[in-house]
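As structure tokens, the structure follows; a few thoughts come after it.
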4 protein chains.
Amino acid sequence: MSTSVSSNGRRSNPGPRAAARNRAALLAAAREIFAEHGADAPLNSVARRAGVGQGSLYRHFPDRLALVLALFEEQVTTVEELAQDPDVSLLDLLGVITRHAIDSVVSIDLAAADPEARPDPRLLDLTARIGEVVRGRLDDAVARGQLRAGTTVEDVLLGIEMVASALTRRPARERDAYAVRAWRLLGVDVVPAPR
Amino acid sequence: MSTSVSSNGRRSNPGPRAAARNRAALLAAAREIFAEHGADAPLNSVARRAGVGQGSLYRHFPDRLALVLALFEEQVTTVEELAQDPDVSLLDLLGVITRHAIDSVVSIDLAAADPEARPDPRLLDLTARIGEVVRGRLDDAVARGQLRAGTTVEDVLLGIEMVASALTRRPARERDAYAVRAWRLLGVDVVPAPR
Amino acid sequence: MSTSVSSNGRRSNPGPRAAARNRAALLAAAREIFAEHGADAPLNSVARRAGVGQGSLYRHFPDRLALVLALFEEQVTTVEELAQDPDVSLLDLLGVITRHAIDSVVSIDLAAADPEARPDPRLLDLTARIGEVVRGRLDDAVARGQLRAGTTVEDVLLGIEMVASALTRRPARERDAYAVRAWRLLGVDVVPAPR
Amino acid sequence: MSTSVSSNGRRSNPGPRAAARNRAALLAAAREIFAEHGADAPLNSVARRAGVGQGSLYRHFPDRLALVLALFEEQVTTVEELAQDPDVSLLDLLGVITRHAIDSVVSIDLAAADPEARPDPRLLDLTARIGEVVRGRLDDAVARGQLRAGTTVEDVLLGIEMVASALTRRPARERDAYAVRAWRLLGVDVVPAPR
DNA sequence: CATGAATGAGTATTCATTCAT
DNA sequence: AATGAATGAATACTCATTCAT
């Protein structure tokens, strides 16, 4: 970060030009921090890592959930874009999704706040978007023998959730191998996509 | 509660007799609180629910992990006792384990504190004890067609972890049904034991 | 709002023409916001309500007091203008002043910042202007039996302050009736002027 | 405050014995701080002035209103006790109440938070208790010529509110004289009780 | 001259933990 | 051995003010 510091000790105000850069820096920082310390890591640590003022964090993401959702949304978008390419199989997509889970831990800790609370609609929406992608690949995956016949979209989503939530319990360096084992136990040969 | 109140308004000191009772009350309270609010619920809420002073909580359980482990240990012991009976199948035991996961949420959130930290040896020990129980039933379960041939103890433990960790994300009232689906996805017909 | 939006998404710079319009919008917004949430409402809420940038707010009114004083000054000017008309009695003027107090709450919260601080000279000046208006109507009011004989300008100003400050404690919908009661207790039959 | 500091830099924990002392210290500190800076002064300044940890403040008074109400309650109780003595007139009582208003500023800033919000029932109760005291002295006060015939309890309470709220706008050293003027304007000869 | 993002000091609040009684 | 009050570090969040564009 090339944030210059002016004489009064305050970081200089880079002006609105920095907005997009800051937003991206915050997301990147959040990805790292959440992966390292879980999704309930202190938000000021995110701001600090991003090299951004506390207030900017809150301007871009009014609450923790907004930040987490933005992170998740990025991932979903990535998956959707990949899914444009007809040569990409469901297994490939699950590999990417698994990579996301490994790296950000976010997808799962989402609801962590309070399981009894009604899940946020934005989260449901993102889940639905993943569901759409899966639906579009389901028959193909069965035809290729990647999934058991009769597997439903809900089954796949459940599988993702099971793998992802189990991953949170593991130290980062074990997660790749662990994910492979978990998917295999579900009868699916997923390999986490390369970073 | 037979705790008499002396003139100064403070609960009188019931002496050592209360120690065991307090410990039990704390465990019961912890089970409830953790199930309701997750394993990172405030510890003073546990003491309050138990009707016990803050200090007593810390005397019995010097830190949060001690409390969580005590809870888990209770559950493991229960499973071990059940396993004495040769008529109890692995599926039955998994049903009980699943019930524990549903009700206490604890077994999984255990390591939640920090996945990067070396797992507590006491936790590993408890996991090993579950592993022993599973080992003793494995061949029988395969013979009965309850598990796929070739399933290992590690597979079963992994399955438990996947199901249990996924359960934490769900509201209490959905957990029974959710557990059944999750196990089925793993190819095992587990039904949560009755309470 | 005729503010066009240019391609970059930012409101286009309407040039100096907008200056006066912005100032007026800020004052109107401040009146509303202060009446709703008290004179220590966040200033950015004023800017937002006015549909104006944060910077413009500070350009027009370098600090909160400047804004409040501008509001008060508007009111004082209104009263002075009314007082040009010889047919308008002191009671009428007090009715208008009371209306201002009801609607803006500002006249009183002025010094609220810190009662120990030396009051701002601009505030004293405004108070003096009200005093002048009152002085010009005092004899007439006594002659008409609207005020007790012997009432001084300072008495009237004190009465205004008492009524106005008490009004701040009341919800908006009760203020009209409350003001009538308060004035009556002071022995003066004031009715808040219509809006 | 004889709060000793142990080697680790933390103030030593004086144990539960300090509870009552702490509560009293907090109330005294709050009285001072609120009188100096208004009832929205930072709560940590109250804790600091009381020589008490932040947590203790919140244990004794879970929110700002609880603290303010406790202060007010003390005052009301004092007035009620005085009212036991039949030789104490309404004017005397109003003198004490005025002294309280001068010194603590609290009685009035109470509702300050948000005039639109429904007033706290505890506050209403305290107001009612003052009302009872007034009611018991009303006829006597009229008989003595201290109040105009026809004055109601509500009138007196309104008068108190008007005087007290106006006082908040004044620096401490002017309040005594100001209170006398304000009461005189209401036609009542109240003199603030000596401290 | 307007805009709106950036900044960070200031506050409220929570909660793990200690300790006098 | 139990009690419950005390402690203060940690954290979330707000908002006045500045400033690049």
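A, B, ... follow the sequence lines: proteins, then strands. Residue 1 opens every chain.
Residues that satisfy the salt bridge (charged side-chain N to carboxylate O under 4.0 Å, His left out) test with D:Arg122, not counting sequence neighbours, are D:Asp120. A search for side chain to side chain contact (heavy atoms under 4.5 Å, CB included) contacts involving A:Tyr58 returns A:Leu43, A:Gln54, not counting sequence neighbours. Annotation: salt bridge (charged side-chain N to carboxylate O under 4.0 Å, His left out) contacts of D:Asp63 (sequence neighbours excluded): none. In this view, B:Arg49 and B:Glu32, B:Glu36 satisfy the salt bridge (charged side-chain N to carboxylate O under 4.0 Å, His left out) rule, not counting sequence neighbours. Remark: B:Arg59 pairs with no residue by the salt bridge (charged side-chain N to carboxylate O under 4.0 Å, His left out) rule, at least two apart or across chains.
In DNA chain E, consecutive stretches of 3 or more Watson-Crick or G-U wobble pairs with both distances under 3.5 Å are given as paired ranges: E:2-21 with F:2-21.
Put simply, CG on A:Leu57 is 9 Å from P on F:dA12, counting in whole angstrom units. D:Tyr58 has its OH atom 16 Å from the P atom of F:dA9, to the nearest Å. When the P atom of F:dT18 is taken as reference, atom CZ of C:Arg59 falls 13 Å away, rounded to whole Å. One interatomic measurement links the two molecules: NE2 of A:His37 to P of F:dA10, which rounds to 14 Å at whole-angstrom precision. One interatomic measurement links the two molecules: CZ of A:Arg21 to C1' of F:dA20, which rounds to 11 Å at whole-angstrom precision. Between the P atom of F:dA10 and the CG atom of A:Asp40 lies a distance of 17 Å, rounded to the nearest Å. Computed from coordinates, the C:Leu43 CG to F:dT14 C1' distance equals 13 Å when rounded to whole Å. Atom CZ of C:Arg23 is separated from atom P of E:dA2 by 12 Å (rounded to the nearest Å).
Toward the 5' end of DNA chain E, the nearer of the two residues B:Ala41 and D:Pro42, judged by each one's closest nucleotide, is D:Pro42. Ranked by how close their nearest DNA chain F nucleotide is to the 5' end, B:Ser56 and A:Ser56 are led by B:Ser56. Of the residues near DNA chain E, C:His60 and A:Gly55, the one whose nearest nucleotide (by heavy atom distance) lies more toward the 5' end is C:His60.
Judged by distance alone, with hydrogens and angles left aside, C:Gln54 brings a side-chain donor or acceptor within reach of the base of F:dT17, the pair sitting under 3.5 Å.
Taking OG of A:Ser56 as the reference point, atom CZ of A:Phe61 lies at 11.0 Å (rounded to 0.5 Å).
OP1 or OP2 of F:dA6 has at least one side-chain nitrogen or oxygen of D:Asn22 nearer than 4.0 Å. Residue B:Asn44 has no polar side-chain atom (N or O) positioned under 4.0 Å from OP1 or OP2 of E:dA16.
Put simply, the side chain of B:Phe34 reaches to within 4.5 Å of the side chain of B:Leu67, judged on heavy atoms.
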